[in-house]
Amino acid sequence: MLDLKFIRENTDIVRQAIVNRHDKAPIDEIISLDVAKRQKMAIVERLRCERKGLAKKQGTESAERGRELRDSIKIFEDELREIDSRLEDLLLRVPNIPQDSVPIGKSEDDNIIISTCGEPRKFDFKPAPHWEIGEKLGIIDFERGVKLSGTRFYVLKGLGSRLQRSLINFMLNLHTEDHGYYEAYLPYMVKKECLIGSSNLPKFADNLYRDIEEDLWLVPTAEVPLTNLHRDEVILPGVLPIYYVAYTACFRREKMSAGKDTRGIKRGHQFDKVEMYKFTEPGNSNDELERMVDNAVDICRKLEIPYRIKKLCTADLSFASTKTYDIEMWAPGCSEWLEVSSCSNCGDFQARRANIRYRPTLESKPQLVHTLNGSGLALPRVVIAVIENYQQADGSISVPKVLQPYMDVKVIK
RNA sequence: GGAGGGGUCGCAUAGUGGUCUAGUGCGGGCGCCUGCUAAGCGCUUACCCUGGGAAACUGGGGUCGAGGGUUCAAAUCCCUCCCCCUCCGCCA
């Protein structure tokens, strides 16, 4: 959420940001509600002040005036409540402002490829897509996944599920041991407030699963509970930056992309992900973003899979982000670059929603922190990349060196 | 799921309709005093919104788990919800 005061004083900047994002947030209505709100507040505060003075005295004529005050205060309070909830809802739907370094673009085609690393392997046979390799080896079972849960579900079996588990452990170990992250095991179901804090609600409700009886929501990413770990807290001086890493399952309806990517395990309703998350001081967040990207890329390097880094343009930037890098791994079987990570600096946008602050020193006033999130990495796509990059002519898969200690085998066959 | 108890300033507590402008202790900060460590004394101690001011600063409102309600007046009474504790039931 943007600061209302900022919107009031920098309306043109906000308007331009919305245009650049091709968003339609209703800034005009916000501005007029804000004016109306402050007018009414001035009146109601004057009335409350009089009531306060009156309440100290007792007597019949002050009781008479008191009744009048009570009634008119109530009318104004009701109006204010209505304005407030409308304003709150609108504010929650305004996207974050892209940084100046973010390229302005019309669509994802305007994202900029910053670097491409690693030589795509030369095959002396035609590389197969993972769904063929996986099915032949019996490590991915699409039919039974659909039998259990319907379309976009699959079952990993045997060394397939072991491969995913190995990747998770490899990533968690690397981030905790080499990159300084602190591991957390989190709830996969969270309260509505958490999703508001992380910016998934109210705007993106249609991509979420929810238990109506308890009003608990399944997390679409660990970013949601991680953001909310420090909700309504004031972090003490000297504690920042905090780095978290967490493995969770993620649940998404993927309604918006129905019909897209239906083949294989690239896009399911349930998938696993290792997520990196940082709480930082405002001055450091961009440096921390670069480091986070490098932490994600380190996985690609160690797995020895070709990858590229993209800087997202304003049209493709996610709602809460001021600046985002995507990392893609090359998948020679389906001949496409797979998005395995998205690293974003959300600035104080989520911190304002979730009320996450820190004190620079013991004496100073609380200030909003900056939050950053990045996949480190998204599992099923890394599984795809391993399968397709390490496939062999006989249909088997050789296991990447760094995974061999986790897999206990050198070849999946 | 059933029965009961509870949520007050960083922590611990007092407060059952007006004297609460929320008291006290601890902890924190500032200062004074003291020829060592210590003790003592004084002051201070949250956050949000909004108005005025170039600024230092200053006026007003709100917040006692959250939100409503009753009342001239609510930390205090009523309703809904959230969270914590104890016992019972169930359970990996």
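Here the structure is a predicted model, which is why all the values come from computation and not from measurement. Naming: A, B, ... by sequence-line order, numbering from 1 per chain.
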Set of side-chain hydrogen bond (donor to acceptor under 3.5 Å, both in side chains) partners for [X], sequence neighbours left out:
{"X": "A:E339", "result": "none"}
{"X": "A:N173", "result": "A:Y406"}
{"X": "A:R308", "result": "A:E328"}

Worksheet item: When you look at NZ of A:K157, are more than 12 heavy atoms from neighbouring residues, nucleotides or ligands closer to it than 6.0 Å?
Response: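 Counting other residues, nucleotides and ligands, NZ of A:K157 exceeds 12 neighbours.
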Integer angstrom distance from the [atom1] of [N] to that of [M]:
{"N": "B:C43", "M": "B:G35", "atom1": "C1'", "value": "26 Å"}
{"N": "B:A55", "M": "B:A46", "atom1": "P", "value": "23 Å"}
{"N": "B:U45", "M": "B:A38", "atom1": "P", "value": "26 Å"}
{"N": "B:U21", "M": "B:A12", "atom1": "C1'", "value": "23 Å"}
{"N": "B:G28", "M": "B:C84", "atom1": "C1'", "value": "27 Å"}
{"N": "B:U86", "M": "B:G67", "atom1": "P", "value": "28 Å"}
{"N": "B:C77", "M": "B:U24", "atom1": "P", "value": "24 Å"}
{"N": "B:U50", "M": "B:U8", "atom1": "C1'", "value": "26 Å"}

Can you name the atoms? Protein N/O to nucleotides 81-85 of chain B N/O, anything below 3.5 Å, with the distance.
none

Discussion item. Testing A:K40, A:K37, A:K74 one by one against A:E79 for a salt bridge (charged side-chain N to carboxylate O under 4.0 Å, His left out), which residue passes?
Written reply: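 When A:K40, A:K37, A:K74 are each tested with A:E79, the salt bridge (charged side-chain N to carboxylate O under 4.0 Å, His left out) holds only for A:K40.
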May I ask you to evaluate whether [X] reaches the phosphate of [N], defined as a side-chain N or O under 4.0 Å from OP1 or OP2?
{"X": "A:R46", "N": "B:G61", "result": "no"}
{"X": "A:K40", "N": "B:U50", "result": "no"}
{"X": "A:K74", "N": "B:U71", "result": "no"}
{"X": "A:R70", "N": "B:U71", "result": "yes"}
{"X": "A:R38", "N": "B:U50", "result": "no"}

What is the base-pairing partner of [N], counting Watson-Crick and G-U wobble geometry with both distances under 3.5 Å?
{"N": "B:U76", "value": "none"}
{"N": "B:U70", "value": "none"}
{"N": "B:C41", "value": "B:G31"}
{"N": "B:G17", "value": "none"}
{"N": "B:A12", "value": "B:U24"}
{"N": "B:U86", "value": "B:A3"}
{"N": "B:C47", "value": "B:G62"}

Worksheet item: Which of residues 77-97 of chain A have a heavy atom under 4.0 Å from RNA chain B?
Response: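 Close to the strand are A:R81.
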Polar atom pairs between nucleotides 54-59 of chain B and protein, under 3.5 Å, N or O only, would you list them?
none

Discussion item. Can you identify which nucleotide, out of B:U50, B:G61, B:A73, has its nearest atom closest to the A:R48 side chain?
Written reply: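 It is B:G61.
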Discussion item. Here's a test of your reading of the structure: between A:E50 and A:R357, which maps to the more 5' nucleotide of RNA chain B?
Written reply: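 Its nearest nucleotide being more 5', the pick is A:R357.
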